[in-house]
Amino acid sequence: MNLKTEWLSAARTEDIQRAADLLKNGGLVGLPTETVYGLAANALDGGVVKKIFLAKGRPQDNPLIVHVASVEQVAPLVQVFPAGAQALAKAYWPGPLTIILPKADCIPLETSAGLPTVAVRFPAHPAAQAVIRACGLPLAAPSGNLSGRPSPTTAQHMWHDMQGRIDAVLDGGPCEVGVESTVVTLAGERPRLLRPGGITLEQLQAVLGPVDVDEAVLNRLPEGETAASPGMKYKHYAPNARVIIIKGTSGQYAAYVNSHAAPGVAALCYKEEEPMLQVPCISYGGQGDDRALAHELFRALRAFDDDTGVKLVYARCPEPTGLGMAVYNRLIRAAGFEVLQL
């Protein structure tokens, strides 16, 4: 692929319209959202959606999320918009929440990865909303990274991965949340959390009552099982270096890492642990500050790639509760489920 990728600014009305025009004409555009940057295309055109998979190198059995700019845009995309979904939309839209429902016939199988359901989200970022309104289309938009790599939380990250592969990147500044949206399915008998994100399990339960947590949220998806949501099936979010998660106290973590210090070894740590470590390290927030950890996670993982000498990263991650569940979910996939309990 060798496209001339345009750099656009969300601060310019004409650039918002340029992004919309590209999308109306079958193009691919990187858009800012409050979670991560997304790679957007017309969700209703299966041929165009295929170009997303090609640009990302993404397996085609990995479903996409459809982005809208109003609650009213949802009804034509789904067979039914039940009371539970409406209550979630009222509570958390626009925001980092994706709801899965049985799909309408207008959603092509390329967008749903062959599933009978569609994932829908109303993003909070004003630039994403403006582009959706200007083009008049629902937009399929997975994270705008090469498949398997850390998701982009700045336009520069997306440019690094997608320059020459897509038509444009719209710069809307750094993303506020830093990890992808929460995904909950209401297409079964009971609500089920498929991917944790900026809306926590506890927030879902406050609206819906009991919510099941899919086994694949904190564990590897069983071999041969169909992924019902993005981010479930494959190793994701990984830097070039091998990542191993270390569980234990700060003292245990520091002692283990220091005893394994060697050329090419680095650490992803809490900021309080930096003075304790004898290897190159990148902190991504304070222990217990799950919001900061989520915001900084992908930036930190990408930063390890700036030093080509880093071959192994020992990583700390929070307990899988609240927003920490989203950080834990991303890190275990970045580590390919390599976890060491001290």
Side-chain angles (χ1 to χ4, degrees), residues 31 33-36 38 43 63-104 106-107 111-113 115-126 128-129 132-133 138-143 175-218 227-232 290-291 294 320-330:
L31 292 183
T33 79
E34 75 279 19
T35 58
V36 300
L64 306 180
I65 293 172
V66 177
H67 293 64
V68 298
S70 71
V71 175
E72 290 71 29
Q73 279 188 286
V74 176
L77 308 178
V78 299
Q79 292 180 23
V80 61
F81 193 29
Q86 293 180 44
L88 285 174
K90 183 176 181 181
Y92 302 125
W93 276 1
L97 174 66
T98 295
I99 303 172
I100 293 180
L101 297 166
K103 77 178 188 71
C106 66
I107 299 295
T111 299
S112 68
L115 298 173
T117 53
V118 62
V120 185
R121 179 164 106 80
F122 180 1
H125 199 292
Q129 294 178 12
I132 295 168
R133 287 194 298 267
L139 298 178
S143 56
C175 299
E176 179 185 355
V177 178
V179 293
E180 295 85 354
S181 62
T182 300
V183 179
V184 61
T185 179
L186 301 184
E189 293 183 6
R190 287 166 55 97
R192 185 160 49 105
L193 175 66
L194 301 181
R195 183 178 73 185
I199 300 301
T200 66
L201 174 62
E202 293 78 11
Q203 288 175 294
L204 296 177
Q205 291 169 332
V207 173
L208 298 174
V211 176
D212 295 335
V213 178
D214 195 278
E215 182 71 14
V217 166
L218 301 178
S229 163
M232 291 182 73
D290 293 346
R291 187 163 297 280
T321 58
L323 186 55
M325 181 184 286
V327 181
Y328 186 93
N329 170 272
R330 302 319 190 269

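Predicted, not measured: the structure shown is a model, and the values here were computed from it.
- Residues V80 and L101 fail the side-chain proximity criterion, which asks for heavy atoms closer than 4.5 Å.
- Here the rule is side-chain hydrogen bond (donor to acceptor under 3.5 Å, both in side chains) with T33, and of H125, R121, E180, E176 only R121 fits it.
- Atoms CG and OG1, from L323 and T182 in turn, are 8.0 Å apart once rounded to the nearest 0.5 Å.
- Of the residues V184, V179, V183, the one that meets the side chain to side chain contact (heavy atoms under 4.5 Å, CB included) test with R195 is V183.
- Using cut-offs of 30° and 60° on the angle between ring planes, the pair W93 and F122 is perpendicular.
- Formation of a donor-acceptor pair under 3.5 Å by the Q205 side chain with backbone atoms of P210 is not found in this model.
- Closest heavy-atom contact between A216 and N329: O-ND2, 4.4 Å.
- Of the possible polar contacts, one joining the E34 side chain to the A124 backbone as a donor-acceptor pair under 3.5 Å is found.
- Side-chain atoms of T35 and S181 form no donor-acceptor pair, as typed in the model, at a separation below 3.5 Å.
- Using a 4.5 Å heavy-atom threshold, the side chains of L193 and M325 count as touching.
- Atom CZ of R291 has 12 or fewer heavy atoms from other residues, nucleotides or ligands within 6.0 Å.
- Within the 3.5 Å criterion, the main-chain N or O of A43 finds a donor-acceptor partner in the side chain of T111.
- Of the inter-residue distances, the one linking I99 atom CD1 with F81 atom CZ reads 6.0 Å to the nearest 0.5 angstrom.
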Under the criterion side-chain contact (heavy atoms from CB on, under 4.5 Å), I'd like the reasoning laid out for Q73 against I132: C-alpha separation, chi angles, the key distance, then a yes or no. CA-CA 11 Å; Q73 279 188 286; I132 295 168; 3.9 Å; yes
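- Between T98 and L194 there is no side-chain heavy-atom pair separated by less than 4.5 Å.
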